Amino acid sequence: MRTRPLKVALLGCGVVGSEVARIMTTHADDLAQRVGAPVELAGIAVRRPDRVRAGVPAGLVTTDATALVKRGDIDVVVEVIGGIEPARTLITTAFEHGASVVSANKALLAQDGAALHAAAEQHGTDLYYEAAVAGAIPLIRPLRESLAGDKVNRVLGIVNGTTNFILDRMDSSGAGYSEALDEATALGYAEADPTADVEGFDAAAKAAILAGIAFHTRVRLDDVHREGMTEVTAADFASAKQMGCTIKLLAICERAADGRSVSARVHPAMIPLSHPLASVREAYNAVFVEADAAGQLMFYGPGAGGSPTASAVLGDLVAVCRNKVAQATGPGESAYAQLPVSPMGDVVTRYHISLDVADKPGVLAQVATVFAEHDVSIDTVRQQGKSGEASLVVVTHRAPDAALSATVAALRGLDTVRDVASIMRVEGE
Ligand code: HSE
């Protein structure tokens, strides 16, 4: 074993960082054996030293993150600050000073992943970020390494625990969105400002990262079509149940059928109860991967929290430290395929549409004509009368999203359609 220790700078010491520091200290001997050299925590940069948790070595704490990454003797920088700045500048500075970087920063990687990978490559260092997507669940490494010889066609996942908890509560108790959100907040799943989770920003960043790796193509956050789940109602769940489905906020990354483009999107969708993702309860995450040779794979586990996220960070830390010992680097960015990312309008999907219509002769024919005019084929129609009005539930076959949304717009224009009560995509069939 090499005796000179590898020195690690930790940027951020909140829920995840303090757990990383604790495991590095308590498992130091095992980590040294696995790496082939001692791994030493050399400094911890925090914004507020008065808030550093018990058990974190106080003598290592500094408020000067820039000076820490510029020290010259740091081999690996672990960034668990989050956000774009100062994380981006600190990571770039770390590369310039020869350090490899382990990051849990999904927002930064989804926005600037290509530039960061280029900087790492330029300086002969590593950039690893298993913790950026779905906490403890190994996903980046399986996609980047284990499936490197296969052709991934689809990645379909529940990658946000907060929203899965809320939707699961709505499904199991019949609660509305606000009530379920209140429960998620009281239990500590939802943050005081839940926007990033419930509006799908968090899941969209993860979708961009997954799509980029799965399809060997640059996919940025701006390329991901995003719809949140705040509009999902108890009535939507009732409709889903009638179809033998539940509702999940899904991140969907797909290769088009002709193989010439890819897409990435986040939105609520109905999925059949028989689909493995339907049984993912509470705040768990799961990702379903479909590949040519491997077939269908499912990755499941805790997608957030201090310990699970620290597990992923530590796995990366061991990997980049091993590379340092071997004086090598691991796989960098693979974006050679350069496939165009399709707009949402071109994505092929299915709609479940609930309409309140006048219950009189010719209405069904009128509605069906609108679908036909937009070249959207109807799969099933269910009608329920209620004193002069009827509720009509139409489920379509697969069609381009633009045709489906144009159909809905035209339906809204019909005198006989009183309301388009709900529109939900149907996935996973
Ligand atoms: N807020 C995220 C979630 C975890 O609820 O899954 C961090 O990405």
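Start at 1 and go down the list; that is how both ligands and their atoms are numbered. Quick note: numbers below take in every heavy atom, side chains included, and nothing from hydrogens, waters or symmetry partners. What you see is a predicted model; the values in this text were computed from it and never measured.
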- Tell me whether the guanidinium CZ or amine NZ of R260 lies under 6.0 angstrom from the six-membered ring centre of F215 and within 45° of its axis. no
- Cationic tip of R226 within the cone over F201's six-membered ring, i.e. under 6.0 Å and within 45° of the normal?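 Ring-cation test returns yes.
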- Item | Close side-chain approach of N153 to D292, heavy-atom, < 4.5 Å |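 In short, these two side chains touch, coming nearer than 4.5 Å.
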- Test item: R425 and E227 side chains (from C-beta on) under 4.5 Å apart, heavy atoms: yes
- Could you tell me whether E145 atom CD has more than 12 heavy atoms of other residues or ligands within 6.0 Å of it?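 Atom CD in E145 is packed in, count exceeds 12.
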- Residues in the immediate environment of ligand 1 (any heavy atom closer than 4.0 angstrom):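 Residues near ligand 1: K106, N160, G161, T162, D197, D202, K206, A304.
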- Would you say the side chains of Y128 and N323 form a donor-acceptor pair under 3.5 Å? yes
